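Written out below as structure tokens is the structure these notes cover.
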Amino acid sequence: MSAFSDLTLDVVKVRADFPILERKVHGKPLIYLDNAATSQTPRQVIDVFADYYERYNANIHRGLHTLSDEATAAYEAVRETVARFLNANKRHEIIFTRGTTEAINLVANTWGRANLKAGDEIILSMLEHHSNIVPWQLLAQQLGLIIKVIPVDEHGALDMAAYRELISERTRLVAVNHVSNAFGTINPIRDMAAIAHDHGALILVDGAQAAPHEPIDVQALGVDFYAFSGHKVYGPTGAGALYGRAELLEAMPPWQGGGEMIKTVGFDGGTSFADIPHRFEAGTPAIAEVIAMGKALDWVSNIGIGLIGSWEQRLLAHANDRLRTIDGLRILGTAPKKAGVISFVVDGAHSQDIGLLIDQLGVAIRTGHHCAQPLLKHFGVDATCRASFGAYNTPEEIDIFADALERVIGMVR
Ligand code: PLP
């Protein structure tokens, strides 16, 4: 860890929180470099599940009994935690969802259906994950909307001049990711939000890949909607959140109907809906998962998201240095501002083969289209290998990964 000793992130201490890092894969110590897909979970978060199911498992909001009260208090406290994590102004601006995908679908099906009409334009970018493309395509087909796409330059950075040309008074929404999952590009969201607002459009930000790596301040960014997933921020699957500006959420109709999202229900047209945030949380939510997500955000905050981000930047620089020396290896996505994600292809070797063989050496990377088919197609490939870093990764792991990669490439060529 010599090259990193000037940083205060104590990676040995961080790693000690993750039981999974002790396991072996094919007889080799696990080196987990698939954090952009799902990060690993610290013991403190895992323990939430046993604690919840052993002590206060109960449905929330409806009961007057002690267990229900405790579960409700723990669940609602996470709203405050998420609001703090995103620097939202009010806790009721936080809606719990299953993750980023559900959050985006929620906005498409509530704000979108209520506010968009044939001929209205939505701007997406070439960098989007399918979950910030397909919900808008479905809506566009149904309502007759026009989708425009911000192109990228050869480094995988958004072409901001093209964005300024695409946007007009017909644009109603700009929906972009904060950080690209396929290339790691960090997008200039504050500028993009200002430009959107100058044209009377709203901006929704898919923050799935930003939340684990950098401090988020939805007020400073000036965004209208912001979505992220708990399982990419050291939390469990099944829980995530949508931030929406209160005025927007208050004016939005419900999406899913059911228990918890109503004020009153009658067969005589007397059904009325709950205030935000509950209007958008129909049915029994993922109670334990949300509480565990809160614990994960606390874990991140205790270390400091800024510190995690700068640690990952050092890992990224080290990985870049190592991978650039590998013959025939080409890194896709070389924007000047990047999170800890490296996508690459290797001449004469299939990404899939590399992924399978390197797994035999204990190294977990992702291969495929990363749910970003338009982007990969634009760069003329069907698949890449992707290594993505988290707080617990080390420079030694990067070295083992790079050595393993060289070995594997030698085998498949
Ligand atoms: N957006 C981005 C940029 C992602 O990387 C992902 C997941 O990989 C998603 C959205 C979808 O997240 P989820 O599957 O947790 O809803």
Side-chain angles (χ1 to χ4, degrees), residues 32-41 45 82 86 95-109 124-138 149-150 152 156-158 174-187 189 192 203-214 216 223 225-243 255 280 285-286 289-290 292-293 296-297 312 332-333 335 337-343 364-376 383-390:
Y32 188 78
L33 301 178
D34 193 17
N35 295 285
T38 286
S39 51
Q40 295 302 339
T41 317
V45 175
V82 174
L86 299 179
I95 316 286
F96 292 124
T97 65
R98 281 192 300 127
T100 308
T101 303
E102 191 175 62
I104 296 170
N105 277 278
L106 190 160
V107 176
N109 285 288
L124 309 179
S125 92
M126 186 60 88
L127 288 174
E128 296 318 304
H129 187 281
H130 297 164
S131 63
N132 199 25
I133 299 175
V134 184
W136 305 114
Q137 288 179 326
L138 292 171
V149 182
I150 309 169
V152 289
L158 287 185
V174 177
V176 286
N177 61 37
H178 196 165
V179 172
S180 148
N181 66 309
F183 286 2
T185 312
I186 302 176
N187 293 319
I189 294 301
M192 296 184 80
I203 184 162
L204 170 144
V205 177
D206 165 354
Q209 296 296 339
H213 307 298
E214 63 174 272
I216 312 292
V223 298
F225 298 106
Y226 197 99
F228 77 93
S229 300
H231 70 98
K232 295 184 197 286
V233 200
Y234 310 101
T237 53
L242 170 72
Y243 156 82
W255 174 28
F280 301 108
E289 285 79 358
V290 165
M293 174 171 72
L297 298 182
E312 291 165 348
L332 296 171
K337 292 191 79 187
K338 273 188 64 166
V341 173
I342 298 194
S343 250
I365 59 169
R366 186 144 293 248
T367 57
H369 56 60
H370 316 299
C371 298
Q373 282 182 338
L375 179 67
L376 266 58
T384 71
C385 297
R386 182 186 70 185
S388 51
F389 313 122

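Please read all numbers here as calculations on a predicted model, not as lab measurements. Start at 1 and go down the list; that is how both ligands and their atoms are numbered.
Of the protein's non-hydrogen atoms, the one nearest atom 14 (O) of ligand 1 is Thr101 OG1, 3.6 Å. Among all non-hydrogen protein atoms, the one lying nearest atom 7 (C) of ligand 1 is Lys232 NZ, 2.7 Å. If you check which protein heavy atom lies closest to atom 5 (O) of ligand 1, you get Gln209 NE2, 2.6 Å. The closest protein non-hydrogen atom to atom 4 (C) of ligand 1 is His129 CD2, 3.2 Å.
Using a 4.5 Å cut-off on side-chain heavy atoms (C-beta onward), Trp136 and Leu204 make contact.
Side-chain atoms of Gln209 come within 3.5 Å of backbone N or O of Ala36 as a donor-acceptor pair. Not a single donor-acceptor pair under 3.5 Å links the side chain of Ser125 to the backbone N or O of Ile150.
Considering backbone and side-chain atoms together, Asn177 places no N or O closer than 3.5 Å to any N or O of ligand 1. Distances between N or O atoms of Asp206 and those of ligand 1 include at least one value under 3.5 Å.
Rounding to the nearest 0.5 Å places CG of Leu158 at 4.5 Å from CG of Leu127. Note that NZ of Lys338 and CD of Glu312 are 13.0 Å apart. Values are rounded to the nearest 0.5 Å.
Contact annotation: for Glu102 versus ligand 1, there are no heavy atoms closer than 4.0 Å.
Judged as a side-chain contact (heavy atoms from CB on, under 4.5 Å), and not counting sequence neighbours, the contacts of Ala208 are Thr100, Asp206, Lys232. With sequence neighbours excluded, the residues that form a salt bridge (Lys or Arg N to Asp or Glu O under 4.0 Å) with Glu102 are Arg98.
Numbered from 1 in the order shown, with element, the atoms of ligand 1 that lie under 4.0 Å from a heavy atom of Ser229 read 12 (O), 13 (P), 15 (O), 16 (O). For ligand 1, the atoms lying closer than 4.0 Å to a non-hydrogen atom of Ser131 are 1 (N), 9 (C), 10 (C), 11 (C).
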